[in-house]
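Take a look at the structure set out below.
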Number of protein chains: 2
Amino acid sequence: MNVECHNIIDNQMSVFSVLNQDEKELLKRNSTCTYYKKNDIIYKEGDKPSGLICLSKGKVKIFKEGVGGREQIVRMAKPVGFIGYRALFAEQNYLASAEAIEDSVICTIEKETLYKLLSTNSDLSFSIIRSLASELGFSNNRTVTLTQKHIRGRLAESLLFLKDTYGIEEDIATIKVYLSREDIANLSNMTTSNAIRTLSTFASEKIIALDGRKIKILDLKGLERISELG
Amino acid sequence: MNVECHNIIDNQMSVFSVLNQDEKELLKRNSTCTYYKKNDIIYKEGDKPSGLICLSKGKVKIFKEGVGGREQIVRMAKPVGFIGYRALFAEQNYLASAEAIEDSVICTIEKETLYKLLSTNSDLSFSIIRSLASELGFSNNRTVTLTQKHIRGRLAESLLFLKDTYGIEEDIATIKVYLSREDIANLSNMTTSNAIRTLSTFASEKIIALDGRKIKILDLKGLERISELG
DNA sequence: ATAAAATTATGTTAAAAAACATACAAATGT
DNA sequence: ACATTTGTATGTTTTTTAACATAATTTTAT
């Protein structure tokens, strides 16, 4: 029995906080733990979900292959959170792929156990309804901003999104995730060249500071302004 | 008691098909019916949801105001379907607005009654989970196609989407919804000028035929090809 | 019935962003 | 230690699409 990922079930912020101790034990008995190295694929577009995947440690990007293989990141997962639950609950194959962007630990909860709990526990169902509804709102927002904002606005929004998702380091400025320029581009719907160029421009405007993959936000208000104006 | 919209609850395709007769009666007693004229606003971005809105008759567009007031249609609703349920279940204010594009009849189910049913009926919860998960998949797909496909690809996809959503007339070709060029543009993330121009191009290529707001699909395979290529 | 407004249509110009090219730096494998 | 690959950086060209302009047609209101 693998305790490495039981924090998923015990965590106060998790949707499983509505479960009682017996239910939590049942979940723990019917879940498995897997380790992934940075750049490992967790699942691919078209695969069939086998259970509910929870991210216990690490960071994961969820992305879709678009026109000409061009990648669009649709979500960034952090602990404690689910991965691939959309496909599972829609009873579809995955419509996106998941890749670890850091060494990660995931916990997979057996489908049957999950469904058993869902059928007896309306609070759990409601937690999942709330999660899906929130993410749908986020997705609709993204659709509009990625299509309507200009490059500077899109990049600024992505940086703010990364800061809100992963937080900042002790210096109260450096975004706590280290993405390649290509990933930043794929998150912001632009080419890698344009991501590099626009990051440089932001740096020359003293809005951010760059040190390799470290991005330090120097002027939060300025970044928010750029994001809002589009 | 308004029977005009009880088809929502009795319809076999509705998520309420999992309810028993008593539960259906409870819903009917706690729901109200409202009539809307074409172009009437049903709710606006920022409003607070008061209950679960179901479209019984008519057609409704769901749209967000983006950069500089530019409108993006995120969903097209048809009977029998829900409107604004995302915000209700996320316990948020509406993030989009709803407007009738035809004379419509809606049925609003009281929030308390709905929640009572949800707490006792896991099948209903599961139906809603499945609906939200499906729509989230659709939304993520849209994000990618609206950002990556070129104008022709986006317009072709929108026409196919409208055909799939509302079906076709008896002539087995005319899309069963009559939108302004502006609405088609707002659905496809382009300016009205470009929607008009590209529709004309499609017509000159004999892929579609135009007659006012009537759009007849002449070459479905061709349209699908344009949509897939982007 | 007629004016006003909204919608459709099409041509022209300007802006945005992709595509392309090249160079350099950093990481990785042998 | 060196070669190879991958990632970063920046300049130039081309494509796409928005913005603008104008006119014809249709719808709506009075």
Side-chain angles (χ1 to χ4, degrees), chain A residues 37-40 61 66-72 99 101-102 144-158 177-205 208-215 226 229-230, chain B residues 37-40 61 66-72 99 101-103 144-158 178-205 208-215 226 229-230:
Chain A
K37 287 263 163 223
K38 183 176 167 176
N39 300 326
D40 280 354
K61 67 171 174 179
V67 178
R70 201 172 131 201
E71 186 172 301
Q72 175 66 49
E99 182 181 325
I101 57 166
E102 281 181 10
V144 176
T145 61
L146 287 180
T147 54
Q148 296 194 355
K149 286 184 183 176
H150 286 172
I151 280 202
R152 284 170 62 90
R154 297 205 299 273
L155 182 63
E157 183 181 277
S158 288
V177 64
Y178 301 89
L179 294 176
S180 68
R181 303 293 196 258
E182 191 180 3
D183 277 341
I184 293 174
N186 292 341
L187 179 65
S188 315
N189 179 36
M190 62 185 66
T191 55
T192 307
S193 294
N194 276 328
I196 291 168
R197 206 188 309 267
T198 312
L199 281 171
S200 298
T201 310
F202 282 178
S204 75
E205 292 168 356
I208 60 172
L210 295 169
D211 174 15
R213 293 191 174 185
K214 273 204 190 90
I215 299 173
I226 294 168
L229 284 173
Chain B
K37 286 265 163 221
K38 182 176 168 177
N39 300 327
D40 280 354
K61 67 171 174 179
V67 179
R70 202 172 131 201
E71 185 173 302
Q72 175 66 48
E99 182 181 325
I101 58 167
E102 282 181 8
D103 292 357
V144 176
T145 60
L146 287 180
T147 55
Q148 296 195 354
K149 285 184 183 177
H150 286 173
I151 280 205
R152 284 170 62 89
R154 297 205 299 274
L155 182 64
E157 185 181 275
S158 288
Y178 301 90
L179 295 176
S180 67
R181 302 294 196 257
E182 191 180 4
D183 277 341
I184 293 174
N186 292 342
L187 179 65
S188 315
N189 179 35
M190 62 185 66
T191 55
T192 307
S193 295
N194 276 328
I196 291 167
R197 207 187 308 267
T198 312
L199 281 170
S200 298
T201 311
F202 282 178
S204 74
E205 292 169 354
I208 61 172
L210 295 170
D211 174 16
R213 292 189 175 186
K214 272 205 189 89
I215 299 173
I226 294 168
L229 284 174

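Every chain is numbered from 1, with letters handed out A, B, ... down the list of sequences.
In this model, the phosphate group of C:dA18 is approached by a side-chain N or O of A:Thr191 to a distance below 4.0 Å at OP1 or OP2. Dashed line: the shortest gap from a side-chain N or O of A:Arg154 to OP1 or OP2 of C:dA17 is under 4.0 Å.
As rounded to whole Å, 18 Å separates atom P of C:dA15 from atom CG of A:Asn194. B:Asn186 has its CG atom 17 Å from the P atom of D:dT17, to the nearest Å. Summarising the geometry, the separation between CD1 on A:Ile151 and C1' on D:dT17 is reported as 14 Å, rounded to the nearest angstrom. In this entry the distance linking CG of A:Asn189 with P of C:dA17 reads 10 Å, nearest Å. Between the CG atom of A:Leu199 and the P atom of D:dT10 there is a distance of 11 Å, rounded to whole Å. Computed from coordinates, the A:Asp211 CG to D:dA9 C1' distance equals 16 Å when rounded to whole Å. Atom pair B:Ile184:CD1 and C:dT8:C1' shows a separation of 11 Å (rounding to whole Å applied). When the P atom of C:dT8 is taken as reference, atom CD1 of B:Ile215 falls 10 Å away, rounded to whole Å.
The B:His150 side chain lies nearest to D:dT17 when the options are D:dT8, C:dA9, D:dT17. Out of C:dT8, D:dT17, D:dA18, the shortest distance to the side chain of B:Arg181 is found at C:dT8. Closest to the side chain of B:Ser200, out of C:dT10, D:dT17, C:dA17, is C:dT10. Among the nucleotides C:dG11, C:dA9, D:dA18, the one closest to any side-chain atom of B:Arg197 is C:dG11.
Nearest heavy atoms, A:Leu210 versus A:Ser200: CD1-N, 4.2 Å. Across all non-hydrogen atoms, the minimal contact from A:Tyr178 to A:Lys214 is CE2-CG, 3.3 Å.
Between the side chain of B:Glu71 and the main chain of B:Asn186, no donor-acceptor pair closer than 3.5 Å is present.
No N or O donor and acceptor, one from the side chain of A:Arg213 and one from the base of D:dG7, sit under 3.5 Å apart.
The pair B:Asp103-B:Lys38 does not count as a salt bridge, with every side-chain nitrogen at least 4.0 angstrom from each carboxylate oxygen.
Between atom OG of residue B:Ser158 and atom CG of residue B:Leu199 there is a gap of 10.0 Å, rounded to the nearest 0.5 Å.
Checking A:Arg152 against A:Ser193, the closest nucleotide of DNA chain C that is more toward the 5' end is the one next to A:Arg152. Summary of the strand contacts: B:Lys38 and B:Arg70 both lie near DNA chain D, and taking for each the nucleotide with the nearest heavy atom, the more 5' one is attributed to B:Arg70.
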